[in-house]
Amino acid sequence: MSSVITRVRRKQIKQLIEEGKRLDGRGLGDYREIKIEQGVIEKAEGSARVLLGKTEVLVGVKVETGSPFPDTPNDGVLTVNAEFVPLASPSFEPGPPNENSIELARVVDRGIRESKAIDTEKLCIEPGKKVFIVFVDIYVLNHEGNLIDASALAAVAALLNTKMSNYEIEDGEVKIKQGYTPLPMKNHPITVTLGKIDNKLIVDPWLEEEQVMDSRLSMALNDEGNICAVQKGSGGYFTQQQILEGMKVVQEKVAELRKKLKW
Amino acid sequence: MSSVITRVRRKQIKQLIEEGKRLDGRGLGDYREIKIEQGVIEKAEGSARVLLGKTEVLVGVKVETGSPFPDTPNDGVLTVNAEFVPLASPSFEPGPPNENSIELARVVDRGIRESKAIDTEKLCIEPGKKVFIVFVDIYVLNHEGNLIDASALAAVAALLNTKMSNYEIEDGEVKIKQGYTPLPMKNHPITVTLGKIDNKLIVDPWLEEEQVMDSRLSMALNDEGNICAVQKGSGGYFTQQQILEGMKVVQEKVAELRKKLKW
Amino acid sequence: MSSVITRVRRKQIKQLIEEGKRLDGRGLGDYREIKIEQGVIEKAEGSARVLLGKTEVLVGVKVETGSPFPDTPNDGVLTVNAEFVPLASPSFEPGPPNENSIELARVVDRGIRESKAIDTEKLCIEPGKKVFIVFVDIYVLNHEGNLIDASALAAVAALLNTKMSNYEIEDGEVKIKQGYTPLPMKNHPITVTLGKIDNKLIVDPWLEEEQVMDSRLSMALNDEGNICAVQKGSGGYFTQQQILEGMKVVQEKVAELRKKLKW
Amino acid sequence: MSKKPKKLIDKKGRRLDSRKPNELRNIRIEVGILSNADGSAYIEQGKNKILAGVFGPKEMHPKHLSRPDRMVLRCRYHMAPFSVEERKSPAPSRREIELSKVIGEALEPSVFVEYYPRTGVDVFIEVLQADGGTRCASITAASLALADAGIPMRDLVVSCAAGKVDDTVVLDLMDTEDKLGAADVPVAVMPNSNAVTLLQMDGNLAPEEFEKAVNLAMEGCKRIYDLQKEALRTKYMAAKQEEEVKE
Amino acid sequence: MSKKPKKLIDKKGRRLDSRKPNELRNIRIEVGILSNADGSAYIEQGKNKILAGVFGPKEMHPKHLSRPDRMVLRCRYHMAPFSVEERKSPAPSRREIELSKVIGEALEPSVFVEYYPRTGVDVFIEVLQADGGTRCASITAASLALADAGIPMRDLVVSCAAGKVDDTVVLDLMDTEDKLGAADVPVAVMPNSNAVTLLQMDGNLAPEEFEKAVNLAMEGCKRIYDLQKEALRTKYMAAKQEEEVKE
Amino acid sequence: MSKKPKKLIDKKGRRLDSRKPNELRNIRIEVGILSNADGSAYIEQGKNKILAGVFGPKEMHPKHLSRPDRMVLRCRYHMAPFSVEERKSPAPSRREIELSKVIGEALEPSVFVEYYPRTGVDVFIEVLQADGGTRCASITAASLALADAGIPMRDLVVSCAAGKVDDTVVLDLMDTEDKLGAADVPVAVMPNSNAVTLLQMDGNLAPEEFEKAVNLAMEGCKRIYDLQKEALRTKYMAAKQEEEVKE
């Protein structure tokens with residue numbers, strides 16, 4: 001793997017962070033530059049591209065009809081999938097989703113699902129029989145670190161951009177009508193990820209920091225500022241104190257990110 | 001594979017068997033201690049755990065509704081699956097079933113199916129449309145040899161322990177009612193496996209004997225003492241004489257095992 | 001792989017072709033001996049075995065009922081699959097189809113599909129609900145080169161040999177009646193493959209020539225002499241001039257092959 | 001498969017295809033018919049049509065499967081999608097995986113595996129048309145393919161089934177008898193040593209019936225053994241002739 | 001699952017199974033119960049029944065996954081088909097793959113991985129019956145299995161969840177509470193150093209509720225830690241006795 | 001897709017998107033846009049949006065696929081699930097597998113594979129939006145990505161399709177024309193030597209129409225070749241400028 005970091009570089013990153021600085025000039029609590037572009041894939045019902053520095057994630061949303069789950073007959077279905085496209089990193093291999101891409105998809109999924117971002121009841125066409133299925137496909141196009149925040153942001157931006165065909169029920173069959181309706185959204189979860197390097201917490205770790213950091217903590221907050229999903233990852237540990245401290249940082253950064261996301 | 005046996009050990013086992021003895025003190029025709037425990041998994045419709053010496057097999061039975069096979073529209077469906085759980089042996093790898101676990105499942109399946117142990121006609125809900133499907137999942141928890149006999153015994157014990165929800169048909173839909181009915185059983189096949197080591201037949205070979213033995217022969221007998229399934233395995237050969245001799249031993253041991261299985 | 005060719009042999013083949021000759025005595029534009037045998041698998045609805053020299057391909061056709069594709073509700077379905085049976089060549093591995101067998105199946109499929117060889121509208125039982133599905137299974141039994149031509153020929157021969165059960169619709173159910181009808185065929189595509197070795201075009205390359213040749217070009221022509229499928233393969237290149245020249249050769253050879261295929 | 005005929009054996013003791021209870025189906029065997037395999041054989045037994053091809057001895061892939069003291073014999077039994085009534089998916093079924101295992105185990109005792117340590121031999125069996133008893137016919141053909149490949153062997157392995165149909169023990173069951181009969185007992189044997197290398201059974205047989213079926217199957221094996229040897233001889237003579245012509 | 005009960009906590013503050021909000025379920029732990037694994041443990045927590053087995057340190061397969069400076073810990077969390085209401089396919093689900101990853105990451109910080117470079121340790125977890133909180137109980141058992149295998153460790157890892165049910169923060173959610181409650185916060189910790197090695201959450205919690213839940217889960221972990229140590233001691237004493245008997 | 005328009009070409013000879021028969025769609029190409037790939041390019045051709053990334057030359061994994069006398073070029077063509085009308089499963093389809101093969105074979109003749117024996121180059125193509133002619137646009141982009149990676153090459157490979165729509169031979173078919181037209185002839189070429197490295201066709205063309213289509217496609221290729229070279233130049237100038245700024 002060509003992305004393994006040298007010992008010297010490792011030391012340099014740690015030393016800087018000790019001093020409250022970072023290799024790319026950011027402060028410990030700073031995000032890289034964020035760009036959000038919606039509607040980039042015209043053939044998808046919704047889409048958004050997020051650039052977090054050089055990290056690039058494209059999310060496409062397709063809306064199709066299908067069967068509801070037996071235990072939620074009145075709710076549409078949300079499906080989140082993540083592809084680590086092999087051109088995005090020498091560490092990505094072509095093939096079926098692995099534990100890393102599955103974790104990413106499931107963390108983004110939990111943020112959306114637990115914040116009840118989509119009004120799934122409005123996606124019911126015929127209770128127990130036919131509902132809309134919302135496919136959120138996360139496509140990682142360039143991996144320079146912090147895929148979780150970029151993907152979560154792109155997913156919500158794409159959902160906000162999603163329009164569904166109008167329809168009528170005629171003799172039990174769904175007939176597509178003219179015009180579009182936006183996907184019914186009730187909430188807008190924002191996820192912020194922290195890295196821990198030698199007991200310092202940093203925001204938005206980039207690729208080389210990810211290779212140095214001891215541990216990672218991601219939190220998704222909903223519109224009300226409540227926590228709706230948490231994921232500690234990448235080995236290592238946090239003290240109880242660091243978790244609470246981290247929560248404060250996350251609250252601050254969520255407010256910042258939320259401004260980027262217009263709806 | 002750490003379970004490969006040394007040459008010295010191999011010689012020792014063979015020599016003892018030549019003398020009619022076995023490493024663990026058993027006679028050639030003796031089973032290890034057998035323990036059968038039913039109802040160990042409360043969430044399953046039926047379950048049983050069998051200990052054959054240190055060999056441990058857990059069988060869980062789930063009963064669900066589904067479609068019958070087109071050529072047997074009036075019969076419920078039996079499905080037997082075996083998992084070689086990797087914590088049971090250093091020789092088990094995680095992954096999809098391999099030829100060994102598939103053979104085990106199919107041998108157990110044949111014993112149950114050919115003896116008509118389950119009254120599958122009573123599992124029909126609506127001919128050609130809806131029947132009960134009985135899933136028998138064999139879970140090998142510790143592999144110390146003779147998985148076939150332990151699994152076959154655990155499967156029948158679990159089926160005898162299986163209760164199904166009562167139901168009514170209302171407007172073509174299956175409605176679950178209160179109470180349970182035992183799974184309709186008509187027969188109780190018992191399987192006995194013999195090993196052949198230098199022309200001696202032994203009963204219930206354990207792990208090290210399996211690594212030494214030339215061949216294996218398993219027979220399932222039904223309540224009437226008829227043979228309903230046979231499987232020669234593990235390479236090697238039997239003479240015609242040994243097969244008939246083996247059949248006699250099996251008849252004897254089946255009677256013995258049958259006493260352990262109360263119903 | 002035992003089928004790799006030596007450097008000496010390679011040189012010899014090239015030299016001969018330079019002189020307009022081939023190792024097995026053929027001229028550059030000659031096919032190996034072709035044998036077509038139909039109806040070799042009685043249990044299949046249709047079948048044919050083609051020998052192209054020692055290359056042997058068996059095609060079996062099964063006709064079953066199923067659902068049409070949503071965008072062609074009035075058409076039966078054609079499915080072509082190719083198996084590189086491992087006993088046919090040391091270079092074939094058991095396992096799911098690989099890029100080579102998929103390419104073969106798709107090239108044969110295109111020839112049949114684009115020439116509209118099968119009258120798929122006549123395979124419609126109930127528009128949008130039930131149609132006949134024609135499974136064409138290409139089974140490569142011995143690989144001595146030019147699998148495309150042998151397979152395409154065997155596929156059409158098998159389709160011409162295919163008979164379907166007569167049926168009636170009774171209460172929306174398909175009832176099989178006595179007797180058979182031939183599969184409705186409208187066209188008979190013939191595929192010819194050229195190899196390019198040092199700027200010479202050869203017809204029907206056999207195994208060793210395939211290992212020496214720079215590139216391959218296959219063309220399927222329909223009854224009217226129109227081109228319905230083209231596939232350049234195996235790396236290398238053709239000049240524009242060679243393509244047109246090749247087309248002429250193909251036209252000639254198609255006429256020759258067509259005579260072998262009686263219908 | 002749809003409706004069970006009243007009788008599988010008629011009043012005169014004849015079976016559906018008019019065979020007597022202890023009669024084999026027509027058998028045709030050819031050896032050495034594939035140009036790429038190191039050894040091969042083709043068998044027709046009734047409507048069964050089966051090809052077997054052998055590659056090896058050769059280096060094992062992957063290497064960690066090789067054994068320092070012996071050759072490893074691997075076997076794949078596979079059915080063509082068009083070989084049966086309803087199209088079969090080409091992906092190996094659980095049945096095919098089990099049969100691959102027991103067929104390999106039936107062939108292995110006949111091979112001097114210790115002659116070629118660290119190597120592997122692959123036996124590939126393709127059922128082109130199936131009509132009951134494919135595992136037996138596969139073993140009969142595969143053993144010839146091994147011999148044709150020049151693998152050193154103790155004896156040929158030959159295989160045949162017996163079973164119970166209506167109330168009679170019969171030889172060499174065809175598909176309908178297999179499906180509607182009471183029991184099927186496939187047996188494989190090395191005739192020289194009477195060593196049974198495959199024995200399976202499913203159905204319902206009293207012990208004495210089982211014994212009778214095993215005996216009948218062994219009897220059938222012996223008859224097929226003659227055909228095996230004849231096929232080998234034919235191949236050998238043809239090869240010899242070809243050589244002589246060359247000289 | 002069918003209908004939501006009106007209340008998950010009754011007027012007296014008791015939960016569906018009559019536990020108090022900060023009460024653990026019954027827990028039973030056994031260490032060293034498998035004969036083939038290098039280390040093993042079994043846990044029952046409420047109706048959860050979970051087995052953990054450890055193999056290693058040993059050579060890595062495939063080799064290219066080994067690391068020159070450390071041991072690699074691999075973890076597989078797997079549910080038996082009969083462990084849940086509706087039969088689960090034995091193929092690993094996306095949920096099982098994610099949990100395998102986070103459980104492995106929760107265990108790893110406790111292991112001195114640098115002691116055995118180039119080796120691997122496999123942790124296999126089998127959920128035989130599931131009733132909410134399986135990932136936590138799995139970690140508790142797997143850490144004991146690692147200790148039983150003699151893997152050098154800083155501390156045991158112990159795990160427990162807290163969550164919100166109706167309006168109350170409660171400890172150790174069972175299945176119904178997990179499904180119908182407002183939030184679930186599984187936590188794993190090495191108690192000696194208060195190092196949190198697993199933290200997840202889904203649901204909806206105000207920040208102060210989240211803090212409360214984390215604290216309550218840590219509290220639960222400490223109580224289970226005592227049971228873990230007790231189980232290790234029992235195993236150790238039994239092993240010692242056995243040895244003395246032998247001598 | 002639902003209903004076939006009466007005419008794909010109107011009375012004035014204009015196509016559905018008002019192009020003339022021999023007119024290309026709008027094309028936008030960028031080179032060197034990915035930070036991790038050794039080379040990369042992005043192309044928009046009509047509504048097609050395609051990314052290509054190249055890694056290598058590098059050691060081959062698995063090793064046994066490497067070749068002692070040459071570099072091995074592997075290619076994966078893949079469509080994003082959201083790139084087409086109905087969501088596509090991310091697992092590679094048979095179509096994607098065939099296209100990966102022919103695209104790789106179209107690119108390979110342009111590379112001096114003998115310069116780096118035993119190594120491998122991976123070409124990854126991701127179709128983010130598909131609108132007909134993706135294989136051609138993919139080749140155009142992938143060849144630039146190879147050049148951007150510094151792989152030694154004889155020439156760029158450029159690709160374009162022609163086809164027959166209604167009764168006219170037209171250039172660069174878009175999706176609707178591809179689906180409803182009479183034939184599609186994708187061609188790839190190294191313009192310096194006029195070497196055709198990809199040629200496929202499906203539909204129904206008289207020989208003279210086929211010849212005309214091939215000629216028109218070659219003509220289109222030449223025009224796109226200019227855009228390719230321009231894109232490379234732009235990348236080169238930008239890189240140079242950046243370097244100068246640094247100095």
Side-chain angles (χ1 to χ4, degrees), chain A residues 1 4 7 69-72 79-82 96-107 109-116 187 189 196 214-244 246-248 250-251, chain E residues 1-3 64 69 73-76 85-86 92-102 104-111 113 154-155 157 164 179 182-190 193-211 213-215 217-218 221:
Chain A
M1 205 175 59
V4 167
R7 217 180 279 204
F69 286 111
D71 52 342
T72 52
T79 294
V80 179
N81 178 56
N98 65 10
E99 54 169 29
N100 294 313
S101 61
I102 287 173
E103 185 192 23
L104 175 64
R106 285 178 59 86
V107 168
D109 181 297
R110 278 204 285 273
I112 297 169
R113 193 178 300 276
E114 299 296 336
S115 70
K116 300 184 170 38
N187 212 311
K196 192 189 101 175
D214 306 306
S215 199
R216 140 167 83 74
L217 185 64
S218 306
M219 292 189 178
L221 266 55
N222 66 11
D223 290 349
E224 293 75 36
N226 279 1
I227 301 166
C228 50
V230 175
Q231 182 88 342
K232 179 251 167 193
S234 306
Y237 65 88
F238 288 89
T239 63
Q240 216 166 336
Q241 185 50 38
Q242 284 165 342
I243 293 166
L244 301 181
M247 192 171 70
K248 301 273 180 302
V250 168
Q251 286 171 319
Chain E
M1 239 180 301
S2 44
K3 273 178 207 163
H64 70 91
D69 55 343
L73 185 146
R74 286 186 297 193
C75 178
R76 186 181 102 131
E85 262 342 298
E86 267 191 68
S93 65
R94 290 161 58 94
R95 179 183 166 275
E96 282 169 295
I97 292 170
E98 186 204 344
L99 290 195
S100 296
K101 181 175 191 286
V102 297
E105 290 169 351
L107 294 169
E108 203 192 73
S110 73
V111 174
V113 290
R154 289 182 172 78
D155 193 1
V157 182
K164 185 177 162 189
K179 290 214 174 88
D184 183 37
V185 186
V187 172
V189 66
M190 294 191 283
S193 54
N194 246 358
V196 175
T197 64
L198 175 130
L199 177 64
Q200 293 186 295
M201 183 272 201
D202 58 77
N204 187 329
L205 289 180
E208 52 280 11
E209 290 172 328
F210 175 68
E211 189 175 341
V214 171
N215 290 344
M218 300 277 280
C221 286

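The sequence lines fix the lettering, A, B, ..., with proteins before strands; numbering per chain opens at 1. These figures come from a predicted structure and were not determined experimentally.
How far CD of E:Glu86 is from CG of A:Asp71: 8.5 Å, rounded to the nearest 0.5 Å. The distance from atom CD of A:Glu99 to atom CZ of E:Arg74, rounded to the nearest 0.5 Å, is 11.0 Å. For the atom pair CD1 of A:Ile243 and CG of E:Asn215, the computed distance is 9.5 Å after rounding to the nearest 0.5 Å.
Options E:Val102, E:Val187, E:Asn204, E:Leu198 differ in how many heavy-atom pairs under 4.5 Å they form with chain A, and the most are formed by E:Asn204. Comparing E:Gly203, E:Ser100, E:Ala195 by how many heavy-atom pairs each has under 4.5 Å with chain A, the most go to E:Gly203. Chosen from E:Glu211, E:Met190, E:Glu108, the residue pairing most often with chain A at heavy-atom distances under 4.5 Å is E:Glu211.
The contact between E:Leu199 and chain A is made by backbone and side chain atoms together, counting heavy-atom distances below 4.5 Å. With a 4.5 Å cut-off on non-hydrogen atoms, A:Leu244 touches chain E through its side chain but not through its backbone. For A:Leu221, no part lies near chain E; criterion is any non-hydrogen pair under 4.5 Å. With a 4.5 Å cut-off on non-hydrogen atoms, A:Ser218 does not touch chain E at all. With a 4.5 angstrom heavy-atom cutoff, A:Glu224 does not touch chain E via any of its atoms. Neither the backbone nor the side chain of E:Ala183 comes within contact range of chain A; no heavy atom of the residue lies under 4.5 Å from a heavy atom of that chain.
Counting non-hydrogen atoms of neighbouring residues, nucleotides and ligands closer than 6.0 angstrom, the CZ atom of E:Phe210 exceeds 12 such neighbours.
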Working for side chain to side chain contact (heavy atoms under 4.5 Å, CB included), residues E:Met201 and A:Arg110: CA-CA 9 Å; E:Met201 183 272 201; A:Arg110 278 204 285 273; over 6 Å; no
Verdict with reasoning, A:Ile227 to E:Glu209, per side chain to side chain contact (heavy atoms under 4.5 Å, CB included): CA-CA 9 Å; A:Ile227 301 166; E:Glu209 290 172 328; over 6 Å; no
Working for side chain to side chain contact (heavy atoms under 4.5 Å, CB included), residues A:Arg113 and E:Asp202: CA-CA 9 Å; A:Arg113 193 178 300 276; E:Asp202 58 77; over 6 Å; no
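With hydrogens and angles disregarded, no donor-acceptor distance shorter than 3.5 Å links the side chain of E:Lys101 to the backbone of A:Asn100. Not one N or O on the side chain of A:Glu103 forms a donor-acceptor pair closer than 3.5 Å with the backbone of E:Glu98.
Nearest heavy atoms, E:Pro207 versus A:Asn226: CD-OD1, 4.0 Å. Nearest heavy atoms, E:Pro109 versus A:Gly235: CG-C, 4.4 Å. A:Gln240 and E:Val196 get closest at one heavy-atom pair: N-CG2, 4.4 Å.
Using a 4.5 Å heavy-atom cutoff, the side chains of E:Leu99 and A:Arg106 are not in contact.
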